[in-house]
Asks: 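Pasting a structure below so you can have a look.
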Amino acid sequence: MVGSSLISSNFGLNTGGGYNIALQPKAAYFIKDNVALGGYVNLGFSKTTSGSPSRFDYGVGALGRYFISPGEAGVDNLLNHGRWFFEGNVGVGGASVENGNSTTGLDFGVGPGYSYFITPNIGVEGLVKYVGQAGFGNEGLNSAITFNVGFSIYLPTSHAKRIANEMK
């Protein structure tokens with residue numbers, strides 16, 4: 001089982017600057033060696049101080065990860081404590097703009113990443129990802145390349161089941 005959460009914020013200091021706050025938790029379950037399937041939720045809010053409208057971004061969907069084994073396809077581990085992976089996602093998401101164009105559409109993304117394990121169960125991850133949204137509302141295709149850094153916790157299945165039972 002893998003779980004990660006990215007909380008990001010941006011506070012502009014220049015004239016007309018604003019702020020952006022986002023929460024992006026993910027959870028996945030290893031269905032077999034090197035293959036994890038799960039879901040994600042994206043929530044974000046942004047506002048600039050120059051009088052522009054506030055914006056609320058949202059998304060929910062499924063994700064998958066494939067971890068490359070050491071030596072597979074000629075790929076070696078970096079620093080002997082990490083694993084390369086590919087992540088893909090698909091879901092529904094959108095943006096609601098105050099008194100402006102709002103849209104809901106198909107969220108999607110794909111990209112490579114690397115997880116460096118600082119302990120056997122905790123990794124620091126970097127992910128370069130092409131993300132897009134094919135809007136069904138007022139906007140068409142929006143896309144970007146993102147670079148994300150965060151932490152992930154990898155729980156053995158027996159440990160995750162024990163935690164779930166303790167919460168009951």
Side-chain angles (χ1 to χ4, degrees), residues 1-10 20-46 56-95 103-136 140-168:
M1 184 165 161
V2 58
S4 67
S5 182
L6 177 64
I7 299 173
S8 63
S9 62
N10 178 0
N20 179 347
I21 299 171
L23 176 65
Q24 302 164 325
K26 299 177 185 179
Y29 182 78
F30 282 96
I31 58 170
K32 65 179 195 173
D33 286 349
N34 300 327
V35 178
L37 297 177
Y40 69 92
V41 174
N42 290 335
L43 298 171
F45 184 79
S46 60
F56 177 69
D57 294 296
Y58 54 89
V60 63
L63 71 89
R65 274 193 180 181
Y66 176 75
F67 288 82
I68 299 173
S69 295
E72 180 179 334
V75 176
D76 290 325
N77 273 344
L78 180 67
L79 306 175
N80 294 327
H81 290 287
R83 298 283 295 274
W84 292 100
F85 64 86
F86 290 99
E87 180 177 294
N89 68 279
V90 65
V92 176
T103 191
T104 299
L106 177 70
D107 257 353
F108 58 91
V110 63
Y114 186 79
S115 187
Y116 179 79
F117 294 94
I118 54 178
T119 73
N121 293 12
I122 298 176
V124 176
E125 293 185 348
L127 175 64
V128 176
K129 196 170 184 180
Y130 171 80
V131 295
Q133 184 179 80
F136 303 142
L141 175 66
N142 293 315
S143 62
I145 294 177
T146 63
F147 179 73
N148 304 291
V149 176
F151 288 95
S152 288
I153 300 172
Y154 296 83
L155 299 174
T157 303
S158 60
H159 187 68
K161 287 179 183 176
R162 183 173 48 90
I163 289 173
N165 288 333
E166 288 174 0
M167 294 178 74
K168 289 182 182 179

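Counting begins at 1 with the first residue of the sequence.
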Asks: Looking only at heavy atoms, which two atoms of Ile122 and Thr119 are closest? And how far apart?
Replies: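 Here Ile122 and Thr119 meet closest at N-OG1, 3.1 Å.
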
Asks: Salt bridge check, Glu125 against Arg65: does any charged N sit closer than 4.0 Å to a carboxylate O?
Replies: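 Here Arg65 pairs with Glu125 in a salt bridge, since their nearest N and O are under 4.0 Å apart.
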
Asks: Please enumerate all residues that pass side-chain hydrogen bond (donor to acceptor under 3.5 Å, both in side chains) together with Asp57, with sequence neighbours excluded.
Replies: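 Here the qualifying residues are Arg55.
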
Asks: Run the side chain to side chain contact (heavy atoms under 4.5 Å, CB included) test against Phe117 and tell me which residues pass, sequence neighbours left out.
Replies: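 Side chain to side chain contact (heavy atoms under 4.5 Å, CB included) check on Phe117 returns Arg83, Ser115, Tyr154.
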
Asks: CZ/Phe56 to CZ/Phe45 distance, rounded to the nearest 0.5 angstrom?
Replies: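 Here the rounded value is 9.0 Å.
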
Asks: The criterion is side chain to side chain contact (heavy atoms under 4.5 Å, CB included); which residues satisfy it with Val90, sequence neighbours excluded?
Replies: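 For Val90, the residues satisfying side chain to side chain contact (heavy atoms under 4.5 Å, CB included) (neighbours in sequence not counted) are Leu106.
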
Asks: Give the minimum heavy-atom separation between Gly39 and Leu63, together with the two atoms involved.
Replies: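 For Gly39 versus Leu63, the nearest heavy atoms are O-CD2, 3.4 Å.
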
Asks: By ring-ring contact (aromatic ring centres under 6.0 Å, His included), which residues pair with Phe108, not counting sequence neighbours?
Replies: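 Counting only residues at least two positions away or on another chain, Phe108 forms no ring-ring contact (aromatic ring centres under 6.0 Å, His included).
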
Asks: Should the ring pair Phe67 and Phe30 be called parallel, tilted or perpendicular, given that the plane angle runs from 0 to 90° and is split at 30 and 60?
Replies: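 It falls in the tilted class, 30° to 60°.
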
Asks: Just jot down the side chain to side chain contact (heavy atoms under 4.5 Å, CB included) partners of Ser143, sequence neighbours excluded, or say none.
Replies: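 Residues passing side chain to side chain contact (heavy atoms under 4.5 Å, CB included) with Ser143: Tyr130.
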
Asks: Checking side-chain hydrogen bond (donor to acceptor under 3.5 Å, both in side chains) between Tyr58 and each of Asn42, Asp107, Thr104, which is the one that passes?
Replies: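 For Tyr58, the side-chain hydrogen bond (donor to acceptor under 3.5 Å, both in side chains) check succeeds only for Thr104.
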
Asks: Between Lys129 and Asn89, is there a side-chain donor-acceptor contact under 3.5 Å, judged purely by atom types and distance?
Replies: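 Yes - a donor-acceptor pair under 3.5 Å links their side chains.
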
Asks: If the condition is side chain to side chain contact (heavy atoms under 4.5 Å, CB included), which residues does Val128 pass it with, not counting sequence neighbours?
Replies: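 With sequence neighbours excluded, Val128 shows a side chain to side chain contact (heavy atoms under 4.5 Å, CB included) to Ile145, Phe147, given in chain and number order.
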
Asks: Got a second to check how far Glu87's CD is from Asn148's CG, nearest 0.5 Å?
Replies: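 Here the rounded value is 8.5 Å.
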
Asks: Rounded to the nearest 0.5 Å, what's the gap from OH on Tyr66 to CG on Asp33? Could you check?
Replies: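 Answer rounded to 0.5 Å: 10.0 Å.
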
Asks: Which value, rounded to the nearest 0.5 Å, describes the distance between Gln24 atom CD and Thr146 atom OG1?
Replies: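 It is 8.0 Å, given to the nearest 0.5 Å.
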
